[in-house]
**Student:** 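Following this message is one structure expressed as structure tokens.
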Amino acid sequence: MTGRVEDRREDWEGPVPVPTGATVPFWDGTLEGELRYQECECGHRQLYPRAVCTACGAEDPPFEESEGVGTIYTYTICHVPGEPGFGERTPYVVGAIDLAEGPRLLALLDADPDDLEIGAAVGVAFWQVSEEAAIPVFVPE
């Protein structure tokens, strides 16, 4: 599944990812609207990317494209900005998302906090924040 990529470069004041090493294919995918995870030959799936498989230690596990859908495992509503650039965004929502493929990742939820519930279905979208990266965010389906 390909998620929409929304250009937020002009108004984004938050942290900007810097793709390096094992993370480059992940961030390249975000610019194309693809959420990529690593799937090792041992069968272990992981996200965010690492230079080694966290299950067996194999180097450079290959990337696969996620369907870009999952469910909310849990979430929190942030009333105090944790990073510069988030002050005017409060309250904002950060959630732990269980992807259909298995990995769980932390991400922003682009939704009204009153409309969210644990177990709800979400899909990925991307906010492009630099020439090199777009941040995956999840929206209710």
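Nothing fancy with the numbering, it's 1 onward along the sequence.
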**Student:** Can you get from Ile118 to Val93 by hopping between Ile, Leu, Val, Met, Phe, Trp and Tyr side chains that sit under 4.5 Å apart?
**Tutor:** yes
**Student:** Do Gln46 and Pro103 have side chains that approach each other closer than 4.5 Å (heavy atoms only, starting at C-beta)?
**Tutor:** no
**Student:** Verify, without hydrogens or angle tests, whether Glu101 (side chain) and Glu67 (backbone) share a donor-acceptor contact under 3.5 angstrom.
**Tutor:**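 Between the backbone of Glu67 and the side chain of Glu101 there is a qualifying donor-acceptor contact (under 3.5 Å).
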**Student:** Given Arg36, which of Glu32, Glu39, Gln38 fulfils the side-chain contact (heavy atoms from CB on, under 4.5 Å) condition?
**Tutor:**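 When Glu32, Glu39, Gln38 are each tested with Arg36, the side-chain contact (heavy atoms from CB on, under 4.5 Å) holds only for Glu32.
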**Student:** If you round to the nearest 0.5 Å, how far is CZ of Arg4 from CZ of Phe126?
**Tutor:**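 CZ of Arg4 is found 10.5 Å from CZ of Phe126.
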**Student:** Is the backbone N or O of Pro81 less than 3.5 Å from a side-chain atom of Tyr92, with the two atoms forming a donor-acceptor pair by type?
**Tutor:**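 Not confirmed, Tyr92 side chain does not pair with Pro81 backbone.
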**Student:** What is the distance from atom OG of Ser66 to atom CG of Leu105, rounded to the nearest 0.5 Å?
**Tutor:**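 Separation between the atoms: 8.5 Å.
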**Student:** Given 3.5 Å as the limit, does a donor-acceptor pair link the side chain of Tyr75 with the main chain of Leu109, or not?
**Tutor:** no
**Student:** Ignoring hydrogens, what is the shortest heavy-atom contact between Arg9 and Ser130? Give both atom names and the distance.
**Tutor:**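 Closest approach of Arg9 to Ser130: CG-N, 3.6 Å.
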**Student:** If hydrophobic clusters are built from ILVMFWY residues whose side chains come within less than 4.5 Å, do Trp12 and Val137 share one?
**Tutor:**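 Yes, because Trp12 and Val137 connect within a single hydrophobic cluster, where side-chain heavy atoms sit under 4.5 Å apart.
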**Student:** Please report the interatomic distance OG1(Thr20) to CD(Glu132), rounded to the nearest 0.5 Å.
**Tutor:**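 These two atoms lie 10.0 Å from each other.
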**Student:** Supply the atom-to-atom distance Phe138 CZ to Asp110 CG, rounded to the nearest 0.5 angstrom.
**Tutor:** 12.0 Å
**Student:** Could you report the tightest heavy-atom contact between Ala22 and Ala51, atom names first, then the distance?
**Tutor:**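 Heavy-atom minimum between the residues: CB-N, 3.6 Å.
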**Student:** Could you check if a side-chain atom of Pro19 sits within less than 4.5 angstrom of a side-chain atom of Asp28, using non-hydrogen atoms only?
**Tutor:**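 No - every pair of side-chain heavy atoms lies 4.5 Å or more apart.
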**Student:** Do Val16 and Leu108 sit in the same hydrophobic cluster, where Ile, Leu, Val, Met, Phe, Trp and Tyr count as joined when their side-chain heavy atoms come under 4.5 Å apart?
**Tutor:**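 Val16 and Leu108: one cluster.
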**Student:** Is the shortest side-chain heavy-atom distance between Phe26 and Pro136 below 4.5 Å?
**Tutor:**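 A side-chain contact exists here, since the closest heavy-atom pair is under 4.5 Å.
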**Student:** Answer yes or no: is there a side-chain heavy-atom contact under 4.5 Å between Cys56 and Cys40?
**Tutor:**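 Counting from C-beta outward, Cys56 and Cys40 do come under 4.5 Å.
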**Student:** What closest approach, in Å, do Arg104 and Asp98 show between heavy atoms, and which atom pair accounts for it?
**Tutor:**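 Arg104 and Asp98 have their closest heavy atoms at NE-OD1, 2.5 Å.
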**Student:** Tell me, yes or no, whether the heavy-atom count around Tyr48 atom OH, taken from other residues, nucleotides or ligands under 6.0 Å, exceeds 12.
**Tutor:**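 Check passes, neighbour count above 12.
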**Student:** Cluster question for you: counting only ILVMFWY and a side-chain heavy-atom cut-off of under 4.5 Å, with indirect links fine, are Leu31 and Ile135 together?
**Tutor:**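 In one cluster with Leu31: Ile135, no.
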**Student:** Are Ile77 and Val122 connected, step by step, through hydrophobic side chains (Ile, Leu, Val, Met, Phe, Trp, Tyr) whose heavy atoms are closer than 4.5 Å?
**Tutor:** yes
**Student:** To the nearest 0.5 Å, what is the distance between CD1 (Ile97) and OG1 (Thr71)?
**Tutor:** 7.5 Å
